[in-house]
Protein chains: 2
Amino acid sequence: METIETKSWTSDMVVVDLERAIHEHRLPPGTKLGEDELSEAYGISRTIVRAALLALSHRHLVELKRNRGAYVAQPSIREAREVFEARALLEPRTAHSAALRMTDKNLALLQANIRDEHAALDAGESGRALFLSGQFHVEIARIADQSTIEIFISQLISRSSLIIALYWRRRAALCETQAHHALLDAFARKDGGAAEQLMKSHLLDLVTSLDLRNVSEPPTSLRDALNR
Amino acid sequence: METIETKSWTSDMVVVDLERAIHEHRLPPGTKLGEDELSEAYGISRTIVRAALLALSHRHLVELKRNRGAYVAQPSIREAREVFEARALLEPRTAHSAALRMTDKNLALLQANIRDEHAALDAGESGRALFLSGQFHVEIARIADQSTIEIFISQLISRSSLIIALYWRRRAALCETQAHHALLDAFARKDGGAAEQLMKSHLLDLVTSLDLRNVSEPPTSLRDALNR
DNA sequence: CAACACAATTTTGTATACAATATTGTTGAT
DNA sequence: ATCAACAATATTGTATACAAAATTGTGTTG
């Protein structure tokens, strides 16, 4: 990390910055986020860092261990299943609403997103591609004009990124954009039912591309998994 | 508020305490939560109070205005609609799952909840009754064994309490327990479909008992609604 | 007396100092 | 050499001091 002195970072800005770094797998699950380290990196006091870490813990992206520090969260298999069950409840119907409200401008936004994701993949920036892939889902909630649900979905998407980091099986990344293309078509036709159905199976596809068998919980973080 | 010196309050404890006070309408929407005031009331430093207020703001129960302080949130009509739309997506299917997993022990828990709510109503403790009524919904999510969804629902329930404080129309409080009784029956029969349907109409009932007409946004908080 | 400017006060925002706790390192006895 | 006890170090938890901002109060001027 590098110190950027040009502007002073607010707590919210740090949250966004860290959330994106986590989402793009630049900060893998289990990474320790020391307060001094961060405060020096951003050129701010620990007070602000602390507020940011607290916010991230409320979004389940960071785990705070009392007197032990903050770590990038490592969702359990259990939690992974729950996250996708929640997405299954929220996203299909939200996609339905979005389809009915779709405008040319919003359609163009989604198209641009897919284009950028392709570009990122071609440039080898897989982290950025993953982030954009998630943004596609958030954008749909925004188009559905449901900010409360949008916030929930945004949280679930970020957590999904951690889940992917831990449990991804397939290497085929294009299945993603394929599904997004199909959704785009349904949106273009303002076909709510189709969008809902496509989103449902897209999410199902995602889960099945994960390795969520109960065996072999990855003890990524050293002693933590052994001692207690 | 009174200072309690017997034990030192942690941030989490303060969050729970304030959340419950808000949920029970002891702290109505718009109430200013001054940091000094709270730190003195709980006998802790502003640092802890600040962390608690930050947590509550992330749950949308408290609104933080920069350099102006913390206030118990006043959900807009727009936000109120969104909250119940989110509940409509989450709760019916969750009730379905809960019904299928229902055990005698859990059934007894729900029964006790309804009983306590009745008792609270008879004792004139309408705030406590409202809290218990919300807990009924949270308990269902817990029984469904979906902690992620449970957290979402718990948030939405708390916010619903604020919405009720602002927009409640009917005075009939027993419609509530009536619906809960019906749900209990479905749970006892492990009838998922019925539970899902009952929850759906229960939520619809709740919304229609609110006054969410766009006219007359209540300018409860003085100058705030006028100046900016 | 109304309106404005400016001072005083209050309240929040941030940094830092210190305390508490956990971790690591060292010494010494067996 | 192994282990335990204890010291040293590092990191987080909390309180407080100070800075910044907003609010309130006061007085001057027209």
Side-chain angles (χ1 to χ4, degrees), chain A residues 1 3-18 27 30-58 61-73 219-228, chain B residues 1 3-18 27 30-58 61-73 219-228:
Chain A
M1 299 213 195
T3 312
I4 299 169
E5 299 286 3
T6 50
K7 62 187 167 195
S8 70
W9 291 73
T10 70
S11 177
D12 289 336
M13 290 163 62
V14 173
V15 170
V16 170
D17 200 56
L18 286 176
L27 292 173
T31 306
K32 163 129 196 192
L33 301 173
E35 297 183 0
D36 276 324
E37 205 176 352
L38 290 173
S39 67
E40 201 165 334
Y42 287 105
I44 52 182
S45 81
R46 278 176 51 217
T47 305
I48 315 294
V49 170
R50 213 147 220 286
L53 291 175
L54 203 57
L56 289 168
S57 80
H58 292 140
L61 295 182
V62 159
E63 191 180 351
L64 296 179
K65 306 188 184 182
R66 172 109 187 162
N67 287 319
R68 301 270 312 269
Y71 299 81
V72 177
T220 319
S221 71
L222 343 98
R223 43 177 309 183
D224 226 42
L226 309 172
N227 283 359
R228 196 166 17 127
Chain B
M1 300 214 194
T3 312
I4 300 169
E5 299 285 2
T6 50
K7 64 187 167 197
S8 71
W9 291 72
T10 69
S11 177
D12 289 337
M13 290 162 63
V14 173
V15 169
V16 170
D17 199 56
L18 286 176
L27 292 173
T31 306
K32 163 127 196 192
L33 302 172
E35 297 183 358
D36 275 324
E37 204 176 352
L38 290 173
S39 67
E40 201 164 334
Y42 288 105
I44 51 181
S45 81
R46 279 177 52 218
T47 306
I48 314 294
V49 170
R50 213 145 222 285
L53 291 175
L54 201 57
L56 289 168
S57 81
H58 292 141
L61 295 183
V62 159
E63 191 178 353
L64 296 180
K65 306 187 184 183
R66 170 107 188 164
N67 289 317
R68 302 269 312 267
Y71 299 81
V72 177
T220 319
S221 69
L222 342 100
R223 46 176 309 182
D224 226 41
L226 309 171
N227 284 359
R228 194 163 24 123

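Keep in mind it's a predicted model, so treat the numbers as computed, not measured. Chain letters run A, B, ... following the sequence lines, proteins first, then strands; residues in each count from 1. Side chains included, hydrogens not; waters and symmetry mates left out as well; all remaining heavy atoms used.
Taking atom CG of residue D36(B) and atom C1' of nucleotide dT16(D), one finds them 12 Å apart after rounding to whole Å. As rounded to whole Å, 11 Å separates atom C1' of dT14(D) from atom CG of N67(A). Nucleotide dA15(C) holds its P atom 15 Å from the OH atom of Y42(A), rounded to whole Å. Here dA22(D) presents its C1' atom at 16 Å from CG of L64(B), a figure rounded to the nearest Å. To the nearest angstrom, P of dT12(D) lies 14 Å from CG of L54(A). Across the protein-nucleic acid pair, W9(A) atom CH2 and dA15(C) atom P stand 15 Å apart, rounded to whole Å. Across the protein-nucleic acid pair, E35(B) atom CD and dT14(D) atom P stand 16 Å apart, rounded to whole Å. Atoms CG (L38(A)) and P (dT11(D)) sit 12 Å apart, rounded to a whole Å.
For R46(B), the side-chain atoms get nearest to dA17(D) when compared with the rest of dT23(C), dA17(D), dA15(C). With distances taken from any side-chain atom of K32(B) to the nucleotides dA15(D), dT11(C), dT23(D), the minimum falls on dT11(C). When distances run from any side-chain atom of T47(B) to the nucleotides dT23(D), dA15(C), dA15(D), the shortest one goes to dA15(D). Ranking dT14(C), dA22(D), dA15(D) by closeness to the I44(B) side chain, first place goes to dA15(D).
Closest approach of W9(A) to I48(A), counting heavy atoms only: O-CG2, 4.3 Å. When all heavy atoms are compared, the tightest approach of L27(A) to V72(A) is O-CG1, 3.8 Å. Nearest heavy atoms, D36(A) versus R46(A): OD1-CD, 3.5 Å.
Counting any heavy atom pair closer than 4.0 Å across all strands shown, R66(B) reaches sugar-phosphate atoms only and no base atom.
Between L54(A) and H58(A), some side-chain heavy-atom pair lies under the 4.5 Å cut-off.
Note: L61(A) CG to L53(A) CG = 11.5 Å, rounded to the nearest 0.5 Å.
Of the side-chain N and O atoms in R68(A), one or more sit less than 4.0 angstrom from OP1 or OP2 of dT23(C).
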